[in-house]
> 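Take a look at this one; I'll ask things after.
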Amino acid sequence: MTQPRFGIRARITGGSLLIAIAFSIVAGVILYSQIRRIAEEGGIGVLRADAAPYEDAVRNGATLGTPGPGEFIAVVDASGATVVDSLPDPVSDALDEVLAGPGATHTETFEGTSYLVRDAEVEGVGGDWHVVSARNAAPQQAVIDSMTVLLVVAIAGIDVALGAASWVLTTIALRPVRRMRATAEVLAREGGDETLPAGPPEDEIAELARTLNTLIVRLRSAAERERQIVSDASHELRTPIAIVRTQLEVARADASSVEQLTDDIVRAELALARLSNLADDLLELSRIDATPRGGSAFVGELSTALTDATDRARLRTIGRDIAVDYDDTSAGDPARRVGLGATDAGRVLDNLVSNALAAIGEDGTVELSLRAADSGIELSVSDTGGGMEPSFAARAFERFSQADGARTGSGAGLGLAIVDGLVTAAGGSIELRNRPGDGLTVVVTLPVLA
């Protein structure tokens, strides 16, 4: 069974209306009680005013006056004789019942008509006298009924007006959301470079629009980067695949000797190695994009990663006049942690060393270092490979970015991009200290975790 769907506007309006009705009921009960109390006190005041001259005359032994028009008064002396009686006939006939009643002001019904009756006991000549005053209760009840109807109508009108105002205000407040939704539907259907409209008011909806726009920009950037990666990867994969195919075809068709066949196989193996390295780098970038946080490591583990990377670099330089050294001055507090795992730290060092060895050629110096600094822990790789072209240094960390002539080697321009991804995910930073004509130092700064 499909559940009924209520929009935000309907829910806000309905909720506001229910709250208003609840408050209206409470306020209505209070107001009705006050109106009834005021009406009753007014009736009692009239009875007191009517009876006051007669009560004073009884106390002072003065002559009792004649009740005026509309004054319903009865005076009974100490002997029980009725001295004055202008009460309506139904009340007058039941005067004995009134005198025997509760005495205070109260409402009684005589022959189908309700009267507000007050019996005041006054000390006079010969004993206690009774001054009885009465008023027809119908006018008073009519006032109460009229005020009740007016109160109900007013409260109902206020509730309806509040509901309508809530509907209008919610419609106005949600207008930016409708514009955002319309724009989002166009973007989903047709694409484009637009972003969601963010209204000028600095409210929650504008903040939501800006947050969503940031997300849209990031998604577009990621999609564009993905398209660029696919394009560059396709180009990079095409070259070694074509080389392998050509070498195999040549080996099959034209190999005239075992030596030539072996040479063709070696060339094919080199192309396959380049292809394998490219696949590994692409997988590493995919892992970084999918799960950027790579764990953490103690400074002592970084020291081990530094010495291991140095040993691997020395193995790669056998037969070349390249000196590989390292300097570790971080032993003061090996228990401190950074947001880069030991394995990823080794990957960072290996990539930086590979770039350094490729730049040096056959002779030079590579130095790895690990030290504590005010900003955190610094990992650096320095070489004497002549440095970078200043124009290339600004885009050195872009994926598939290579300096002129670099594509003649086996790399694909992903090494520094991988380093940048790993370091950025760890909350660190990278600095290129370029010395054109001399060498390059890459400094990786990792903040210490609390």
Side-chain angles (χ1 to χ4, degrees), residues 1-52 70-72 88 90-91 98 101-120 132-181 199-209:
M1 181 178 177
T2 303
Q3 294 295 326
R5 179 180 178 272
F6 298 100
I8 293 177
R9 182 170 52 179
R11 293 200 297 269
I12 292 177
T13 302
S16 301
L17 193 57
L18 288 176
I19 293 174
I21 291 174
F23 276 106
S24 298
I25 292 174
V26 175
V29 171
I30 294 174
L31 289 175
Y32 175 79
S33 301
Q34 294 298 317
I35 291 172
R36 189 173 187 86
R37 181 183 61 81
I38 292 171
E40 290 177 351
E41 288 179 354
I44 294 173
V46 171
L47 295 181
R48 286 175 178 171
D50 290 347
E71 289 184 351
F72 303 126
V91 181
V98 172
T105 303
H106 60 284
T107 301
E108 287 192 35
T109 301
F110 303 98
E111 297 183 2
T113 304
S114 295
Y115 291 90
L116 185 64
V117 181
R118 178 177 180 269
D119 177 15
V132 178
S133 56
R135 285 280 176 176
N136 192 330
Q140 175 182 309
Q141 187 61 43
V143 171
I144 294 175
D145 292 342
S146 299
M147 293 299 296
T148 301
V149 172
L150 180 62
L151 180 64
V152 171
V153 172
I155 289 178
I158 292 173
D159 289 343
V160 172
L162 180 61
S166 178
W167 180 272
V168 172
L169 291 176
T170 305
T171 301
I172 295 173
L174 293 177
R175 188 174 298 161
V177 177
R178 292 199 300 274
R179 291 198 299 267
M180 289 167 55
R181 178 186 174 188
E202 294 298 324
D203 54 14
E204 292 81 357
I205 295 179
E207 292 177 359
L208 174 62

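Just the heavy atoms: all of them, side chains too, but no hydrogens, waters or symmetry mates, feed the values below.
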> Please round to the nearest 0.5 Å and tell me the distance separating atom CG of Leu116 and atom CZ of Arg135.
10.0 Å
> Less than 4.0 Å between a side-chain N and a carboxylate O, is that true for Asp50 and Arg118?
no
> Looking at Asn136 and Ala138, what are the two nearest heavy atoms and their distance?
OD1-N, 2.9 Å
> Could you list all the salt bridge (charged side-chain N to carboxylate O under 4.0 Å, His left out) pairs where at least one residue sits in residues 30-48, not counting sequence neighbours?
Arg36-Glu40, Arg37-Glu41
> List in chain and number order the residues that pass side-chain contact (heavy atoms from CB on, under 4.5 Å) with Val177, two or more places apart in sequence or in another chain; answer none if no residue qualifies.
Leu174, Ile205
> The criterion is side-chain contact (heavy atoms from CB on, under 4.5 Å); which residues satisfy it with Ser16, sequence neighbours excluded?
Ile12, Ser166
> Quick check for you: to the nearest 0.5 Å, what is the distance between Glu111 atom CD and Thr113 atom OG1?
7.5 Å
> Is there a side-chain contact (heavy atoms from CB on, under 4.5 Å) between Trp167 and Leu17? Walk through the geometry before answering.
CA-CA 10 Å; Trp167 180 272; Leu17 193 57; over 6 Å; no
> Do the side chain of Arg175 and the main chain of Thr170 share a donor and acceptor less than 3.5 angstrom apart?
no
> Decide whether Ser114 and Thr107 meet the rule of one side-chain donor and one side-chain acceptor closer than 3.5 Å.
no
> Anything under 3.5 Å between a donor and an acceptor, one on a side chain of residues 153-163, the other on a protein residue two or more places apart or in another chain? List them.
| unit_1 | atom_1 | unit_2 | atom_2 | d |
| --- | --- | --- | --- | --- |
| Asp159 | OD1 | Ser24 | OG | 2.7 |
| Asp159 | OD2 | Ser24 | OG | 3.1 |

> Can you tell me which residue pairs pass the side-chain hydrogen bond (donor to acceptor under 3.5 Å, both in side chains) test with a partner in residues 144-156, sequence neighbours excluded?
Gln141-Asp145
> Less than 4.5 Å apart, any side-chain heavy atom of His106 and any of Glu108?
yes
> With sequence neighbours excluded, tell me which residues meet side-chain contact (heavy atoms from CB on, under 4.5 Å) with Pro88.
Phe72, Pro90, Val91, Tyr115
> For atom CG of Leu169, decide whether the heavy atoms of other residues, nucleotides or ligands shown that lie under 6.0 angstrom number more than 12.
yes
> Determine the minimum heavy-atom distance between Leu47 and Thr105, stating which atoms define it.
CD1-CG2, 4.1 Å
> Does Ser33 have any side chain to side chain donor-acceptor pair (under 3.5 Å) partners at least two apart in sequence or in another chain, and if so, which?
none
> Please round to the nearest 0.5 Å and tell me the distance separating atom CD1 of Ile38 and atom CG of Leu31.
9.5 Å
> Quick one: do Tyr32 and Val152 satisfy side-chain contact (heavy atoms from CB on, under 4.5 Å)? Show the steps, please.
CA-CA 10 Å; Tyr32 175 79; Val152 171; over 6 Å; no
